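Computed from a prediction, not measured in an experiment: that's the story for all the values here. Atom set for the values below is all heavy atoms of this structure, side chains included, hydrogens, waters and symmetry mates excluded.
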Amino acid sequence: MAAQIMQPRPRPRGITCPSSSNRRGLLRPPRASAATNGSVRLTVSDAELASRGFAVQRTAEGIDVAALNEVFARVGFPRRQEERLRRALAHSRVVWLSEAGRPVAFARAAGDGVFNAVVWDVVVEPSCQGLGLGRAVMERLVEELRRDGVGNIVLYAEPRVVGFYRLLDFAMDPDGIRGMAYYRKASSPSSSAAAAPSSL
């Protein structure tokens with residue numbers, strides 16, 4: 001079977017990432033994902049990211065929601081209604097990287113702030129993929145959650161990105177646990193009556 005060569009995607013107008021000379025060696029493969037004190041070991045510092053033109057943001061304050069929605073669309077996520085997206089951001093732990101003020105990498109988590117969190121919307125601007133920016137936002141997001149004592153951090157992942165999350169110490173179905181999602185089926189009045197139990 002022939003190896004497939006990945007070609008860089010064309011950069012959308014108005015989106016620029018640091019030059020390719022700055023991209024080399026952005027992140028090394030992880031040796032260990034966690035330090036001995038239980039905190040997450042960052043594979044690249046904020047200062048190193050800044051030297052490459054990326055600013056680390058740890059709140060949703062100042063994020064251009066329309067620009068974030070554009071990144072969502074470019075990676076194949078559905079566009080969100082901007083007001084609903086703002087509400088989601090207000091109720092989430094957020095880490096994002098900006099380049100010239102625009103979001104180029106983003107991740108958020110929602111949960112109870114004590115025990116549980118679910119990671120959502122991990123995206124990297126397509127022209128900036130392969131630079132380790134997804135790893136950078138995920139490491140910082142997990143670090144903040146762990147620092148707050150959140151021990152149960154979960155996410156949903158498409159099969160093509162499972163390997164990425166495994167490198168960050170996420171596991172599929174640990175201890176035989178199965179994820180479930182609620183999907184309400186559309187039903188007609190006749191089918192719901194037929195499905196109702198005859199007695200309780």
Between [atom1] on residue [X] and [atom2] on residue [Y], distance to nearest 0.5 Å:
X	Y	atom1	atom2	result
Arg140	Trp96	CZ	CH2	14.5 Å
Arg84	Leu89	CZ	CG	12.5 Å
Glu125	Leu68	CD	CG	10.5 Å
Ile177	Met172	CD1	CE	13.5 Å

Does [X] belong to the same Ile/Leu/Val/Met/Phe/Trp/Tyr cluster as [Y], with side-chain heavy atoms less than 4.5 Å apart forming each link?
X	Y	result
Val118	Val95	no
Val161	Val104	yes
Trp120	Val123	no
Phe77	Val162	no

Do [X] and [Y] come within less than 4.5 Å of each other through their side chains, counting heavy atoms only?
X	Y	result
Phe170	Val142	yes
Gln57	Ile63	no
Val65	Arg80	no
Phe164	Arg135	yes
Leu42	Glu48	no
Asp64	Glu70	no
Tyr165	Leu155	yes

Q: State plainly whether the residues Arg86 and Glu82 are in salt-bridge range, i.e. N to O under 4.0 Å.
A: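 Answer for the salt bridge query: yes.
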What are the two closest non-hydrogen atoms of [X] and [Y], and how far apart are they?
X	Y	value
Glu139	Leu168	CG-CD2, 4.0 Å
Leu131	Cys128	CG-O, 3.2 Å
Tyr156	Met180	OH-O, 4.0 Å
Val124	Val71	C-CG1, 4.2 Å
Ala105	Leu133	CB-CB, 3.8 Å
Gly179	Asp173	N-OD1, 4.5 Å

(Q) How about CD on Glu61, more than 12 heavy atoms from neighbouring residues, nucleotides or ligands closer than 6.0 Å, or not? (A) no
Q: Please step through side chain to side chain contact (heavy atoms under 4.5 Å, CB included) for the pair Arg93 and Val150, ending with a clear verdict.
A: CA-CA 12 Å; Arg93 177 67 62 92; Val150 175; over 6 Å; no
Q: Assess whether side chain to side chain contact (heavy atoms under 4.5 Å, CB included) is satisfied between Phe106 and Val94, documenting all intermediate values.
A: CA-CA 8 Å; Phe106 176 89; Val94 174; 3.6 Å; yes
